[in-house]
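Input: one structure, supplied below.
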Amino acid sequence: MPASASPFDLSGRVALVTGGGRGIGLAIAQGLARAGAAIAVAEIDPARGQSAAATLQSAGHRAAFAPTDVTDPGSLEAAFDLAARDLGDVDILVNNAGISQRTPAEDYSREDLRRMVALNLDGVFFGMQILARRCIAARRPGAIVNLASFAGVVADPNSAPYAATKGAVVQLTRTCAVEWAPHGIRVNAIGPGYIRTEMTSPALGEPDTYAKILERTPLGRVGEPDDLAGAAVFLASDASRYVTGHVLMVDGGWTAI
Ligand code: NDP
């Protein structure tokens, strides 16, 4: 790296962002692109994925849409192939796609549990494996940024299976960070607090719940998707070159209490 270059510079890197079509994924994709990375938007909804890639391109960034269902390893492999063909080999994986569901634990159906695990846990692990296998085979370094949650480290009532998958993401992050460190692959996670997206709009739309969230959050506001961009750039870039197995909470102080 030239002495004058910023350690946050991602020029020449390729990042694949799952669920990058909207919300936190899109904001992280935009942040990584502003730092210089080319972006593969790995999104299940074609219209949304194409529109996100077009938005990035019209802002002057290199970007491509890769149709992806993260629950299908073959679909994820195809997304990595498409990114490699159109942008270059993927250096950075942001495992962002995820779902949430607020249901009392005793009422949770088996089907909903399977769906939650397939997307929030299996989908994250498949992506991590694909990036690691490719980087190890090519003797290239890599950076993985997983989206965990405050719910992965403290209790979040009525979200037991969601919280369990996010706790699992925390442990995947730590364990694979140690396994893959000898290969130069760093694995870290971001733990968001309440962020204003379509996922949280039902909860934030309830005045009582919204007031409780504000009261419980030391910084006194709900997060915006762009609040995650800086953490993602840090963990994806050489600025965090000695950081691995870490969960960076971006939660307005929620888990500091
Ligand atoms: P959104 O629901 O707004 O966006 C998720 C995106 O992922 C959607 O575009 C969705 O598409 C896509 N997606 C869903 N399933 C798949 C799939 N199988 N393959 C590929 N893409 C898929 O979520 P957020 O932006 O709010 O959340 C992003 C991540 O951050 C999640 O992992 C979430 O758990 C985590 N997080 C969010 C918090 C928040 O407050 N918002 C708090 C803590 C963590 P579609 O809608 O078509 O299914």
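Indexing begins at 1, ligand by ligand and atom by atom, following the structure's order.
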For L147 and ligand 1, does the shortest N/O to N/O distance drop below 3.5 Å?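 No, there is no polar N/O contact under 3.5 Å.
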
Where does L119 meet ligand 1, judged by heavy-atom distances below 4.0 Å: at the side chain, the backbone, both, or neither?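 The side chain, only.
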
For T68, the ligand 1 atoms whose distance to one of its heavy atoms is below 4.0 Å: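 Numbered from 1, ligand 1 contributes 19 (N), 20 (C).
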
Which residue and atom name correspond to the protein heavy atom nearest atom 43 (C) of ligand 1, and how close is it?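 For atom 43 (C) of ligand 1, the nearest protein heavy atom comes out as S149 OG, 3.4 Å.
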
Nearest option to atom 5 (C) of ligand 1, as decided by whichever heavy atom of G152, G98, S75 sits closest: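 Among G152, G98, S75, the closest heavy atom to atom 5 (C) of ligand 1 belongs to G98.
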
Can any side-chain N or O of T200 pair as donor or acceptor with the backbone N or O of A203 at less than 3.5 Å?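 Answer holds: no.
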
If you measure every N or O of R22 against every N or O of ligand 1, does any of those distances drop under 3.5 Å?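 In this structure, R22 places an N or O atom under 3.5 Å from an N or O of ligand 1.
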
Lys/Arg N to Asp/Glu carboxylate O, D156 vs R102, below 4.0 Å: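 Yes, charged N to carboxylate O under 4.0 Å.
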
Closest approach of any protein heavy atom to atom 13 (N) of ligand 1, naming residue and atom: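 The closest heavy atom on the protein side is I44 CG2, 3.9 Å.
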
Which residue and atom name correspond to the protein heavy atom nearest atom 25 (O) of ligand 1, and how close is it?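 Its nearest protein heavy-atom neighbour is I24 N, 2.9 Å.
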
So if I count the atoms of ligand 1 from 1 in the order they appear, which ones are less than 4.0 Å from some heavy atom of R48?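 Near R48, the atoms of ligand 1 are 8 (C), 9 (O), 10 (C), 11 (O), 45 (P), 46 (O), 47 (O).
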
Which Ile, Leu, Val, Met, Phe, Trp or Tyr residues join L204 in one cluster when any pair of side-chain heavy atoms under 4.5 Å counts as a link?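 Direct or chained contacts put L204 with F150, V153, V154, V170, Y194, Y210, I213, L214, V222, V247, M249, W254.
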
Of the backbone atoms (N, CA, C, O) and the side-chain heavy atoms from C-beta on, which set of R196 has a member under 4.0 Å from an atom of ligand 1: side chain, backbone, both, or neither?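 Within the 4.0 Å criterion, R196 makes no contact with ligand 1.
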
Ligand 1 versus I195, non-hydrogen atoms closer than 4.0 Å: side chain, backbone, both, neither?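 Both backbone and side chain of I195 come within 4.0 Å of ligand 1.
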
Proximal atoms of ligand 1 relative to D45 (non-hydrogen, under 4.0 Å):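 Going through ligand 1 atom by atom, the ones under 4.0 Å from D45 are 47 (O).
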
Heavy-atom contacts with A148 under 4.0 Å: which atoms of ligand 1 show up? List them by number with element.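 This gives 44 (C) as the contact atoms.
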
For K166 and ligand 1, does the shortest N/O to N/O distance drop below 3.5 Å?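 Yes; at least one N/O pair falls below 3.5 Å.
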
Starting from atom 6 (C) of ligand 1, locate the nearest protein heavy atom and write down its residue, its atom name and how far away it is, to 0.1 Å.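 Looking at atom 6 (C) of ligand 1, the protein heavy atom closest to it is G19 O, 3.7 Å.
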
Between T175 and L172 (side chain of the first, backbone of the second, donor and acceptor by atom type, cut-off under 3.5 Å), is there such a pair?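 No.
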
Can you check which of G193, A118, A151 brings a heavy atom nearest to atom 38 (C) of ligand 1?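 The nearest heavy atom belongs to G193.
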
Nearest to atom 19 (N) of ligand 1, what protein heavy atom do you find, and at what distance?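 So the nearest neighbour among protein heavy atoms is V70 N, 3.1 Å.
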
Go through ligand 1 atom by atom and flag the ones less than 4.0 Å from a non-hydrogen atom of T200.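 Listed by number with element, the hits are 39 (C), 40 (O), 41 (N).
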
L10 reachable from L26 in the ILVMFWY side-chain graph, under 4.5 Å edges: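 Different hydrophobic clusters.
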
Salt bridge present between D122 and R114 (N-O < 4.0 angstrom):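 The answer is no: the pair does not qualify as a salt bridge.
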
Using the rule that two of Ile, Leu, Val, Met, Phe, Trp, Tyr join whenever any of their side-chain heavy atoms come within less than 4.5 Å, decide whether V14 and M128 are in one cluster.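 Yes, it is one cluster - the side chains of V14 and M128 are joined through contacts under 4.5 Å.
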
Under 4.0 Å from a heavy atom of Y194: give me the atoms of ligand 1 that qualify, with their elements.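 Selected atoms, number and element: 40 (O).
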
Does the N or O separation between E43 and ligand 1 drop below 3.5 Å for any pair?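 So ligand 1 has an N or O lying under 3.5 Å from an N or O of E43.
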
In the protein, what heavy atom is nearest to atom 18 (N) of ligand 1, and what distance, to one decimal place, separates them?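 Checked against all protein heavy atoms, atom 18 (N) of ligand 1 sits closest to D69 OD1, 2.9 Å.
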
Looking at ligand 1, does any of its N/O atoms fall within less than 3.5 Å of an N/O of Y162?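 Yes: some nitrogen or oxygen of Y162 is under 3.5 Å from one in ligand 1.
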
Is G23 close to ligand 1, meaning an N/O of one under 3.5 Å from an N/O of the other?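 No.
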
Provide, to 0.1 Å, the distance between atom 29 (C) of ligand 1 and the closest protein heavy atom, together with that atom's residue and name.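 Of every protein heavy atom, N96 O, 3.1 Å lies nearest to atom 29 (C) of ligand 1.
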
Nearest neighbour in protein (non-hydrogen) for atom 26 (O) of ligand 1: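 Sorting protein heavy atoms by distance from atom 26 (O) of ligand 1 puts T197 OG1, 2.5 Å first.
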
Does the N or O separation between T18 and ligand 1 drop below 3.5 Å for any pair?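 Between T18 and ligand 1 (N or O atoms, distance only) the closest approach is not under 3.5 Å.
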
